[in-house]
Structure formats: structure tokens, C-alpha cells
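Notes for the one structure printed next.
In this text, all values refer to a predicted model and were calculated from it rather than measured experimentally. What's counted below: heavy atoms across the whole structure, side chains too, no hydrogens, waters or symmetry copies.
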Amino acid sequence: MSLNEIASNKMFGGWHKRFSHFSKINNCTMTFAIYLPPQIEAGEKLPVLYWLSGLTCSDENFMQKAAAQRIAAELGLVIVAADTSPRGDDVPDDADAAYDFGLGAGFYLNASEAPWQKNYQMQDYIVEELPALIEANFPVSNKRSIAGHSMGGHGALTLGLKYASHYQSISAFSPICNPATVPWGEKAFSLYLGDNKETWLAHDSCHLIKNSDKNCQLPILIDQGEDDAFLTEQLCPERLQKAAAEADYPIQLRMQAGYDHSYFFIASFIEEHLRFHAGFLKA
């Protein structure tokens, strides 16, 4: 599969690059960003952290605002930041161009309902197509971890829990923990997946962690700001903590006083998340 390089910038001895490619799974052109640390030039095959961003974001937000590259260069971690949904003139969008559905809001699932099912196959894109593309075109190993923020935190948790054999570790900032029962998730799931709420549970972290295989438990780190405006209505981390306790699934959930939902929050703790993942990716 051919890659089209959009941009290239040297950072901390490595390279931040953006590429576009045609996605057979999403039936459109997709964009991703990748940080290649300096160890790549020494011939090392390095592990990859896949980053999933939140509503309204693209591959650019994390790479430009999170200040992750300095630590990634030190640790020898490749970072791949995917887009949050398919894009293009022929890709359907919310009729009212709402921020929480359609373009920019793919929710990292495979849509089953028309007209969304033609393009919105983000689960298969993140789990299958994008890693295959990265591993075929860059000097990386097959060791992967996954992380994300908000809607992307939901994606990191659900995909990590569903496909535990694909990853070494999971982390999230301010994830939507119980999307089947909160406004953002109810809107997206009803339109992408239909009205049968039983099918929604396959994309709900609380349900997945309750029914996870105890022999395939991945380490999970979650940071949540206590001053997050979405904490009570949309994110509900206490529900995930309760589900994990009931399933005897050890997770680290840290409530951070004074922090909100922004990239200021992510930048404050991203070093700890990268070091967390490196401990498992390089074990």
C-alpha cells in the first residue's frame, strides 16, 4: 500500500512525519502521524505506541500539543497518531455538522447501519489495517501498546480489552468509560450500530472489563482530572473502577486534583504514561 508523505520535521534527533494513504477498510483516504525516534537510524526495530484522539481532533492534536516526542526519543518509542474518523467529500457526516458524531467522531467501532457502514470501520482500521501498514513500511517491531484521550481513551480501553493479544499495555486520559449509558455514546451507538442496545455492549469498557479473560489481563493506567467539565455526565470513571473491582481486574485510576479535559492535562502526565508503556513494551 503506497504512502504519500505530507510533512516531515526533525525533533529531538528523530523525525515527526505525516502520511496519507487509501484505506481499503474505510473506503477513503486516511491520514496518520508518526514519530520515529533517533534509535531508528541505528537500525533498531522499535515498539509502537498507538495514540487515539478525542472528539473533533485529528492526528495533529496530540503530536503538536502533548509534548510527547522528547520522552519518546529518550525511551526509543515510536508513536503513531491515527485520525479520529474517515474523511472526504464522499464520507457521510452528521446532518447538522455536530461535533460529537460523524467526521471527527468515529468512536473506534465498526458501523453496521447505513450510510455509515461503508466508511466508518474504525475498529478494523486501528486494530488491523494501520498496524499492518506501519509494520510494512517502517523499521518497527510487532510489539504494540495503545493509549488515548476522551473518545480516544474509550477506543484505547475497548480495543485493548477486546484484542488483548495485540497489545502489551493500555492507558487513557479522561476516557468515556461507560458509553452505552451516557449522551455521547448513546447518540453515536444508536446511529452507527442501531437500536439494539445489546450490540452496544461490545464497545463499552465497563461491560468488556467485567467479561474479560482473567488470563489475558493487560496493565491499565488511567488519569482523570477532577475539574473536568465532562466528568459526571459523560466520563464516569467510577463505573469502570467498580466494574474492574467486581472482575478482579487490577487497574490504576488516578484522580488528578485541579486538572481539566484539555491538552494541558495530557502534557502534564504524558511522560508518566510513556514510561508506563515502555516498561511493558521493552520487557
Side-chain angles (χ1 to χ4, degrees), residues 6-7 9 11-12 14-18 31-37 48-75 77-85 87 98-100 103-108 122 126 145-160 169-177 179 182 184 205 220-237 252-278:
I6 300 170
N9 302 93
M11 292 188 71
F12 300 106
W15 291 92
H16 168 263
K17 295 176 180 284
R18 294 186 74 219
T31 301
F32 68 88
I34 185 168
Y35 179 67
L36 300 165
V48 182
L49 175 64
Y50 287 87
W51 175 267
L52 309 182
S53 290
L55 293 167
T56 77
C57 293
S58 70
D59 64 282
E60 295 184 278
N61 297 73
F62 177 79
M63 291 301 209
Q64 294 182 7
K65 296 180 179 180
Q69 291 91 340
R70 178 179 64 84
I71 302 302
E74 174 194 329
L75 297 173
L77 292 183
V78 174
I79 300 175
V80 172
D83 204 346
T84 50
S85 79
R87 310 263 181 182
Y99 78 95
D100 57 355
L103 299 185
F107 272 83
Y108 306 105
M122 288 297 292
I126 297 298
S145 288
I146 192 164
H149 170 236
S150 193
M151 178 187 71
H154 143 77
L157 288 168
T158 56
L159 299 183
S169 50
I170 305 167
S171 78
F173 291 86
S174 315
I176 307 170
C177 292
V182 301
W184 278 340
S205 298
I220 298 176
L221 171 64
I222 300 170
D223 275 312
Q224 172 63 61
E226 290 185 356
D227 285 8
D228 191 319
F230 304 111
L231 177 60
T232 303
E233 184 181 19
Q234 304 281 14
L235 306 179
C236 308
Q252 296 182 63
L253 172 56
R254 310 188 304 188
M255 300 299 296
Q256 304 289 2
Y259 287 92
D260 58 17
H261 199 72
S262 71
Y263 270 86
F264 296 111
F265 171 46
I266 296 172
S268 299
F269 296 98
I270 191 62
E271 177 174 349
E272 294 177 40
H273 281 241
L274 294 180
R275 293 192 186 282
F276 167 80
H277 288 297

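Contact annotation: the side chain of Thr31 never approaches that of Ser58 to less than 4.5 Å [non-hydrogen atoms, C-beta and beyond]. In this structure, the side chains of Trp184 and Ser150 come closer than 4.5 Å at one or more pairs of heavy atoms.
Here the CZ atom belonging to Phe32 is positioned 9.0 Å from the CD1 atom belonging to Ile6, to the nearest 0.5 angstrom. To the nearest 0.5 Å, the span separating CZ on Phe173 from CG on Asp228 amounts to 12.5 Å. The CH2 atom of Trp51 sits 10.5 Å away from the CD1 atom of Ile146 when rounded to the nearest 0.5 Å. Distance check, rounded to the nearest 0.5 Å: CD1 of Ile220 to CD1 of Ile170 gives 4.0 Å. Atom OH of Tyr35 is separated from atom CZ of Arg70 by 11.0 Å, given to the nearest 0.5 angstrom. Rounding to the nearest 0.5 Å places CG of Asp83 at 6.5 Å from CE of Met122.
Taking every heavy atom of both residues into account, Glu226 and Gly258 meet most closely at CB-N, 4.4 Å. Counting all heavy atoms, side chain and backbone alike, Cys177 lies closest to Cys236 at CB-O, 3.6 Å. Taking all atoms of both residues into account, the shortest heavy-atom contact from Ala172 to Gly153 is CB-CA, 3.8 Å. In plain terms, the two heavy atoms of Ser85 and Gly106 that are nearest each other are CB-N, 3.7 Å. In terms of heavy atoms, His277 sits closest to Ser169 at ND1-OG, 2.7 Å. Looking at every heavy atom in both residues, Ser174 comes nearest to Leu235 through O-CD2, 3.5 Å.
Taking the six-membered ring for Trp and thresholds of 30 and 60 degrees, Tyr263 and His149 have ring planes more than 60 degrees apart, a perpendicular arrangement.
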Item to check | side-chain contact (heavy atoms from CB on, under 4.5 Å) assessment of Met63 paired with Asn9 | outcome: CA-CA 11 Å; Met63 291 301 209; Asn9 302 93; over 6 Å; no
Which donor-acceptor pairs under 3.5 Å do side chains of residues 265-276 form with protein atoms, sequence neighbours excluded?
residue: Ser268; atom: OG; partner: Phe264; partner atom: O; Å: 2.7
residue: Glu271; atom: OE2; partner: Arg275; partner atom: NE; Å: 3.0
residue: Glu271; atom: OE2; partner: Arg275; partner atom: NH2; Å: 3.1
residue: Glu272; atom: OE1; partner: Arg254; partner atom: NH1; Å: 2.8
residue: Glu272; atom: OE1; partner: Arg254; partner atom: NH2; Å: 2.8
residue: His273; atom: ND1; partner: Ser171; partner atom: OG; Å: 2.9
residue: His273; atom: NE2; partner: Asp223; partner atom: OD2; Å: 2.7
residue: Arg275; atom: NH1; partner: Glu74; partner atom: OE2; Å: 3.1
residue: Arg275; atom: NH2; partner: Glu74; partner atom: OE1; Å: 3.1
residue: Arg275; atom: NH2; partner: Glu74; partner atom: OE2; Å: 3.1

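Remark: the backbone N or O of Ala229 is not paired with any side-chain donor or acceptor of His261 at under 3.5 angstrom. Listed for the Gln234 side chain is no donor-acceptor partner under 3.5 Å among the backbone atoms of Ile176.
Every residue meeting the side chain to side chain contact (heavy atoms under 4.5 Å, CB included) condition with Thr84, not counting sequence neighbours, appears here in chain and number order: Ser53, Cys57, Arg87, Tyr108, Met151.
Looking at Val78, Asp59, Val48 one by one, the single match for side chain to side chain contact (heavy atoms under 4.5 Å, CB included) with Ile34 turns out to be Val78.
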